[in-house]
Undergrad: 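First the structure, which I've put down as structure tokens, then a few questions once you've had a look.
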Number of protein chains: 2
Amino acid sequence: MTNDKDEIPCPMELAIQLINKKWVIQIIRDMFFGKTHFSEFKEDKPGLSNKVLSGCLKNLEENGLIEKNISDIDGVVDISYNLTDHGRALNKVIYELAMYTLNEDINNKIYDDEQKKEIGEYFRDKLNIDDN
Amino acid sequence: MTNDKDEIPCPMELAIQLINKKWVIQIIRDMFFGKTHFSEFKEDKPGLSNKVLSGCLKNLEENGLIEKNISDIDGVVDISYNLTDHGRALNKVIYELAMYTLNEDINNKIYDDEQKKEIGEYFRDKLNIDDN
DNA sequence: CGGGATCCGGATGGATACTG
DNA sequence: CAGTATCCATCCGGATCCCG
């Protein structure tokens with residue numbers, strides 16, 4: 001399953017292929033945090049061009065992680081993106097990535113204790129992680 | 001903390017920066033699975049060139065995720081790489097990545113139930129994940 | 001507003017050859 | 001065995017302009 005010469009692919013590698021592109025995870029995180037529109041994904045991401053963003057969204061859609069919704073109400077077209085179940089299943093991965101940074105910030109060089117607590121709660125809330 | 005205009009960096013992004021390079025996670029996984037030598041990391045990775053691998057290792061060392069050990073016993077030089085505590089703390093991230101693929105393989109298109117069980121156990125063992 | 005088309009420069013990756 | 005040195009291709013990102 002791992003790196004031996006058998007034919008069984010490594011499940012970690014398959015997962016990585018889905019998200020191992022510069023902006024992809026951040027976009028997915030944005031969606032967990034409530035963003036749905038093209039222009040919203042561009043906020044706070046200087047350096048993310050239209051071309052790259054639309055490429056990412058197309059890519060995510062092809063991989064079944066998000067879905068594109070087009071509504072046309074009285075001629076007002078609204079395009080939004082939402083996570084699919086398949087995309088939402090990445091919540092634990094995203095959570096562990098965030099926890100890694102928080103836990104490894106041993107001497108509070110980045111966050112103080114209060115911030116760590118708040119951030120942890122925020123992620124658990126938005127990512128629907130049940131505390132243990 | 002997240003994507004708002006405040007100064008607190010997103011912890012997920014910081015974690016991603018460490019591992020968001022093509023071969024880095026696979027190398028870390030290899031180390032969890034027992035590999036320690038340059039030539040071992042190249043096994044089963046056609047397309048990973050010496051230059052890229054040595055760049056990755058250097059990068060990982062600079063980020064404090066691995067450490068390089070040189071032993072010279074009777075003129076026989078042995079260079080090995082090992083995870084640091086900081087690197088080992090990525091175990092849950094790797095685990096959740098693997099679990100994602102296993103869990104989302106709903107119709108057993110990739111793995112059968114037996115394989116999923118074995119792979120899960122293997123990862124938990126090597127990554128030192130305590131079952132719940 | 002949500003993109004597609006084009007152009008361009010720099011970073012990156014891979015192959016190969018070579019070295020201690 | 002563990003790299004370094006070169007060379008080359010390509011990809012990718014960013015800017016800009018354009019379109020419905």
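Every chain is numbered from 1 and lettered A, B, ... according to where its sequence line falls, protein lines coming before strand lines. These figures come from a predicted structure and were not determined experimentally.
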Undergrad: Closer than 4.0 Å, any side-chain N/O of A/S39 to the OP1 or OP2 of C/dG2?
TA: yes
Undergrad: If you define the side chain from C-beta out and look only at heavy atoms, does anything of A/H37 sit under 4.5 Å from A/I79?
TA: no
Undergrad: Please give, in whole Å, the distance from C/dG2 P to A/D72 CG?
TA: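 For the pair A/D72 CG and C/dG2 P, the rounded distance is 14 Å.
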Undergrad: Any chance you could list the contact pattern along nucleotides 7-20 of chain C? Use B for base contacts, S for sugar-phosphate-only contacts and - for none, protein heavy atoms under 4.0 Å, 5' to 3'.
TA: B-----BBB-B---
Undergrad: Excluding sequence neighbours, so at least two apart, what forms ring pair (Phe, Tyr, Trp, His ring centres under 6.0 Å) with B/H86?
TA: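 In terms of ring pair (Phe, Tyr, Trp, His ring centres under 6.0 Å), with neighbours along the sequence ignored, B/H86 is linked to A/Y100.
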Undergrad: To the nearest Å, give me how far apart CD1 (A/I66) and P (C/dG2) are.
TA: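 It works out to 13 Å between those atoms.
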Undergrad: Please report, rounded to the nearest Å, how far the P atom of D/dC11 is from the CG atom of A/N20.
TA: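 Going from CG in A/N20 over to P in D/dC11 covers 17 Å.
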Undergrad: Does B/K45 pair with B/D30 as a salt bridge, N-O distance under 4.0 Å?
TA: yes
Undergrad: Give me each pair satisfying side chain to side chain donor-acceptor pair (under 3.5 Å) with a member in residues 64-76 of chain A, each pair once, sequence neighbours excluded.
TA: A/N69-A/N82
Undergrad: Of the nucleotides C/dG4, D/dT4, C/dG2, which one has an atom closest to the side chain of B/K58?
TA: D/dT4
Undergrad: Are there more than 12 heavy atoms of other residues, nucleotides or ligands under 6.0 Å from atom NZ of B/K116?
TA: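 Check passes, neighbour count above 12.
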Undergrad: Whole-Å distance between D/dA2 C1' and B/H37 NE2?
TA: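 Atom NE2 in B/H37 sits about 10 Å away from atom C1' in D/dA2.
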Undergrad: For the backbone of A/I129 and the side chain of A/R124, can you confirm whether one donor and one acceptor N or O come within less than 3.5 Å of each other?
TA: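 Looks like no, no N/O pair under 3.5 Å.
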Undergrad: Given atom CD of A/E40 and atom P of C/dC1, what is their separation to the nearest angstrom?
TA: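 Computing the A/E40:CD to C/dC1:P distance gives 11 Å.
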Undergrad: Could you state the atom-to-atom distance from CG of A/D78 to P of C/dC1 in whole Å?
TA: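 Checked: the CG to P distance equals 12 Å.
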Undergrad: Take atom NZ of B/K68 and atom C1' of D/dC1, then tell me their distance rounded to the nearest Å.
TA: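 Those two atoms, NZ and C1', are 12 Å apart.
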Undergrad: Nearest whole angstrom, please: distance from the P of D/dA2 to the CG of B/L60.
TA: 16 Å
